[in-house]
Amino acid sequence: MNKRIAYITAGADTLYEREVIKSMSEQARLLGYDLIVLTHFVNYTDGGSYIKGDENIYSMIECLPFDGAVLNYSSYYSRALADRIEAMLARKEVPVIALDYRSRLFESCLQADREHFRELTEHFIAEHGCRRIYCLSGDKDDIHSLARINGYKDALRANGIRVRQKYIFYGDFWIHSPKKLAEEILAGRVEKPQAVVCGNDYMAMQLCISLSRGGISIPDEIVVGGFDGNPDTLRYQPSVTTYCGSNLNNAIAAVCRVHEMVSGGSVRGRVHVPTGIRIGTSCGRINASQAADNDQKTFDNSLIGNIYLHSSYSSMMNKVTTLGECSLAISQNIYLLDENSDLFVCLCSDWDGSPDAPRASDARTTPRR
C-alpha cells in the first residue's frame with residue numbers, strides 16, 4: 001500500500017484549485033504516494049449548524065491514516081476553522097507543510113512572488129515601452145502583496161525608472177479595489193497610466209472591464225497585467241496577460257518537501273510546470289471596449305452564481321419550522337437577490353398549522369415582492 005499525503009483545502013470546485021490538485025497528485029504518484037484531498041463545499045466565514053455539519057469532514061484528520069500533509073490555510077474564509085484544522089494537524093504529529101502562508105506551527109513553502117512579479121513588470125517595460133506603470137496589489141500587511149510590490153520596484157529600478165509611491169495602490173485581491181482605481185482614473189483624480197500590473201487576475205480583469213466601460217480603450221490607451229494564471233478567468237474578454245505556473249510549482253515543491261520529511265531522503269524525479277507570461281488581449285492589439293458591457297454582466301453573473309452556490313440557502317430553508325424562522329432565513333439570504341429580482345413566498349392556507357399534517361388540497365401560492 002502506498003503512503004499517503006493529505007491535502008487540506010477549500011474551494012476545490014474551482015478550476016484554479018483543481019489544477020493545483022492535479023499537479024500535486026502527479027508529483028505524489030511519481031514519489032510513490034497517494035494524494036487524498038479533504039475539503040468542504042460551503043466556504044463561509046461563519047454560520048449555523050448546516051455549515052458546521054459540512055465542516056465535520058475535517059474530523060477525519062484525527063482518524064484517517066496519512067503520513068504527511070499540506071495545508072492551504074489561506075483558502076479558508078473562516079480563520080477560526082483554519083486555526084482548528086492547524087491544531088488538529090499539530091496533534092496528528094506528522095510532517096505538515098504550510099502552503100503559501102507563514103505558520104507558527106509548520107514549515108512554510110512560498111511562491112517566488114518577487115521574482116515572478118518582476119518578470120511580469122519587465123514585460124510591460126521591454127515589450128510595450130511603458131514607464132508610467134502603476135501597481136495594484138493586496139493589503140499592506142499581506143506577505144504576497146508586499147513581495148509582489150517589491151518585484152515591481154525591482155523591475156523599475158533595474159530599468160532606470162524612478163519608483164514613485166503614489167503609483168502603488170493597496171487593495172483587496174478582489175474586485176472592489178480595481179473598481180475604485182478605475183473610478184479615480186476616469187474622474188481624472190489619478191493620472192492615467194500607461195500600464196497597470198495587478199496582484200492577481202481577478203483584479204486585472206475587473207480593472208479592464210471598469211476602464212473599458214468608462215471609455216478607455218484596453219489595450220490601446222492602457223495595458224494591464226495580472227498574476228496567477230487563473231484558469232477561472234479565461235472565459236472572459238478581455239483576456240488577461242498574466243504570469244502562470246508559479247502557484248503550481250509551489251504546490252509541487254510542497255509535496256516534495258513532505259516526501260523529504262517523511263522519508264529522510266531526497267527527491268528523485270520532479271514534475272515541472274513551465275512558468276512565464278501568457279499574453280492576453282489586455283496588452284494585445286484587440287480593442288475590448290465594445291464588449292465591456294457584456295463582459296461586466298458575464299463576470300457579475302459568474303460571481304453571483306458562485307456566491308449562490310456556496311450560500312447554503314437550500315439547507316437553511318429546509319430546516320425552518322415556523323414563519324418567523326422562514327423570515328429570518330430569507331433575510332439572511334437577501335443579498336442573493338439583485339434589484340430586479342422577485343421573491344415569492346408560497347404558503348399553504350394552514351401555514352400556521354401542524355407541519356406533520358398539512359392540508360395539501362388547500363395549498364395556494366401567495367406572491368410577495
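We're numbering straight along the sequence, starting at 1.
- Grouping the Ile, Leu, Val, Met, Phe, Trp and Tyr side chains by contacts below 4.5 angstrom, directly or via other members, places I222 with M203.
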Q: Test R257 against E260 for salt bridge (charged side-chain N to carboxylate O under 4.0 Å, His left out), laying out the working first.
A: CA-CA 5 Å; R257 182 60 186 138; E260 292 172 342; 3.1 Å; yes
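- Note on L248 and V240: separate hydrophobic clusters, where clusters join Ile, Leu, Val, Met, Phe, Trp and Tyr whose side-chain heavy atoms are under 4.5 Å apart, directly or indirectly.
- Remark: the backbone N or O of C109 is paired with a side-chain donor or acceptor of N250 at under 3.5 angstrom.
- Connection of M261 to L89 is not established within any shared hydrophobic cluster, with ILVMFWY side chains joined at heavy-atom distances below 4.5 Å, either directly or through further cluster members.
- Within 6.0 Å of the NZ atom in K92, the count of heavy atoms belonging to other residues, nucleotides or ligands exceeds 12.
- Note: the hydrophobic cluster containing M88 does not contain I5 (ILVMFWY, side chain heavy atoms under 4.5 Å, direct or indirect links).
- The closest donor-acceptor contact from the side chain of R148 to the backbone of G199 lies under 3.5 Å.
- Remark: side-chain polar atoms of Q27 are paired, donor with acceptor, to backbone N or O of G269 under 3.5 angstrom.
- In terms of modelled atom types and a separation under 3.5 Å, the side chain of S212 and the main chain of I209 share no donor-acceptor contact.
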Q: Show the numbers, then the answer: is there a side-chain hydrogen bond (donor to acceptor under 3.5 Å, both in side chains) between Y170 and D142?
A: CA-CA 10 Å; Y170 294 95; D142 184 272; over 6 Å; no
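- Put simply, the side chain of C135 reaches to within 4.5 Å of the side chain of F117, judged on heavy atoms.
- The ring-ring contact (aromatic ring centres under 6.0 Å, His included) search around F106 returns none, not counting sequence neighbours.
- A ring-centre distance under 6.0 Å is not found for F173 and Y202.
- Residue pairs meeting the ring-ring contact (aromatic ring centres under 6.0 Å, His included) criterion with at least one partner in residues 2-37, sequence neighbours excluded, are Y33-H259.
- Residues N230 and T242 fail the side-chain proximity criterion, which asks for heavy atoms closer than 4.5 Å.
- Checking side-chain atoms of Q194 against main-chain N and O of R132 turns up a donor-acceptor pair under 3.5 Å.
- Grouping the Ile, Leu, Val, Met, Phe, Trp and Tyr side chains by contacts below 4.5 angstrom, directly or via other members, places L99 with I21.
- Looking at heavy atoms from C-beta onward, I125 lies in side-chain contact with L156 at the 4.5 angstrom threshold.
- Counting only heavy atoms from C-beta outward, the side chains of L207 and K179 never approach each other to under 4.5 Å.
- Using bins of under 30°, 30° to 60° and over 60° for the plane-to-plane angle, the ring pair H116/Y243 lands in the parallel bin.
- A donor-acceptor distance shorter than 3.5 angstrom exists from the side chain of S145 to the backbone of G138, with no hydrogens or angles considered.
- Heavy atoms from other residues, nucleotides or ligands lying under 6.0 Å from CZ of R102 number 12 at most.
- For E17 (side chain) and G11 (main-chain N/O), no donor-acceptor pair under 3.5 Å exists by modelled atom type.
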Q: Check the pair E191 / K166 against salt bridge (charged side-chain N to carboxylate O under 4.0 Å, His left out), numbers first and verdict last.
A: CA-CA 10 Å; E191 182 183 9; K166 69 177 183 178; 5.0 Å; no
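- The backbone N or O of A10 sits less than 3.5 Å from a side-chain atom of S75, completing a donor-acceptor pair.
- The backbone N or O of T9 sits less than 3.5 Å from a side-chain atom of T39, completing a donor-acceptor pair.
- In this structure, the side chain of S177 does not engage the main chain of G171 through any donor-acceptor pair within 3.5 Å.
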